[in-house]
Amino acid sequence: LAAGEYKQAFVPLALPEALSLHVEHSLLWWDPLRLCAPPPDSPAEGDGGSVGSSQLPVSWGPRRPVAEVQLEHFEWFEALSGFTELQGDDDPDAELVPQLVQRCVFPEVARRLRDCWDVASSGQSQCVAALLDECLLFDTDESSSAFSGLQIEALQRLERGLADLAPEVFVAAPELD
């Protein structure tokens with residue numbers, strides 16, 4: 001298809017919807033908080049060697065988990081990044097990867113912040129900081145920032161964690177008024 005026909009066929013508008021199922025499916029094997037991972041310097045069971053930083057010694061079905069916060073470790077990321085760089089600045093799909101990340105990854109990050117993050121764990125808190133840094137790279141719309149939702153989720157989780165861990169010390173701001 002010529003560039004004009006490609007746009008007239010609404011392909012750039014349809015690609016995020018079409019590819020989101022694949023991206024969401026791959027996130028089933030994502031463990032950015034390393035909840036199921038052994039410490040990075042411990043050997044994998046049975047192999048006597050060290051565990052690769054992006055692969056865990058456990059298996060969750062047909063794939064091995066990805067324990068990195070960087071999205072570059074996903075197969076879809078490399079393929080789609082290469083696809084969107086083919087035409088340079090004139091590419092109608094230039095925002096495809098950020099759109100997919102905001103559509104699929106941001107809600108998953110918010111869920112993991114809300115339901116999985118142990119705020120008392122320094123290791124998980126470091127992973128959360130790295131995860132938020134990674135998400136910030138894909139926040140392209142400054143007027144209505146999707147990233148601000150992740151910041152709010154992290155702040156609420158910190159407040160809940162502080163209230164649970166140190167209720168006599170932590171007083172929420174609205175209660176001070």
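Because only heavy atoms are used, hydrogens play no part in the values below, and waters and symmetry mates are left out as well, while side chains stay in.
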task = Please examine the side chains of Cys127 and Pro32, heavy atoms only from C-beta on, and report whether any two atoms are closer than 4.5 Å.
result = no
note = Heavy-atom closest pair (Leu27 atom, Cys104 atom, distance to 0.1 Å) is CD1-O, 3.6 Å
inquiry  = Using 0.5 Å steps for rounding, measure from the CG atom of Leu71 to the CH2 atom of Trp76.
reply    = 5.0 Å
Closest non-hydrogen atom pair between Arg157 and Arg114, with its separation = CD-O, 3.7 Å
note = d(Leu158 CG, Leu155 CG) to nearest 0.5 Å is 6.5 Å
Main-chain N/O of Pro65 paired with Asp31 side-chain donor or acceptor, under 3.5 Å = no
Other residues, nucleotides, ligands: >12 heavy atoms within 6.0 Å of Gln151 CD = yes
query = Among pairs that include at least one residue of residues 98-112, which meet side-chain hydrogen bond (donor to acceptor under 3.5 Å, both in side chains), considering only residues two or more places apart or in two chains?
reply = Glu17-Arg103, Glu108-Arg111, Glu108-Arg112
request  = Check the pair Leu113 / Leu132 against side chain to side chain contact (heavy atoms under 4.5 Å, CB included), numbers first and verdict last.
outcome  = CA-CA 10 Å; Leu113 290 174; Leu132 291 173; 4.3 Å; yes
query = Between Trp30 and Phe74, is there a donor-acceptor pair closer than 3.5 Å when you use the side chain of the first and the backbone of the second?
reply = no
query = So do the side chains of Val119 and Leu162 get within less than 4.5 Å of each other, counting heavy atoms only?
reply = no
Straight-line distance of Glu24 CD to Leu19 CG, nearest 0.5 Å = 11.0 Å
Joint hydrophobic cluster, Phe138 plus Ile152, side-chain heavy atoms closer than 4.5 Å = no
key: Straight-line distance of Glu72 CD to Leu137 CG, nearest 0.5 Å   = 8.0 Å
ask   = If every non-hydrogen atom of Leu165 is compared with every non-hydrogen atom of Ala120, which pair is closest and at what distance?
value = CD1-CB, 3.8 Å
Nearest-0.5 Å distance that lies between atom CG in Leu131 and atom CG in Leu150 = 8.0 Å
key: Heavy-atom check, side chain of Glu95 versus side chain of Pro16, under 4.5 Å   = no
ask   = Is there a side-chain contact between Phe106 and Cys135, using heavy atoms and a 4.5 Å cut-off?
value = yes
ask   = Can you pull the side-chain hydrogen bond (donor to acceptor under 3.5 Å, both in side chains) pairs that have at least one residue in residues 123-138, sequence neighbours excluded?
value = Trp117-Ser125
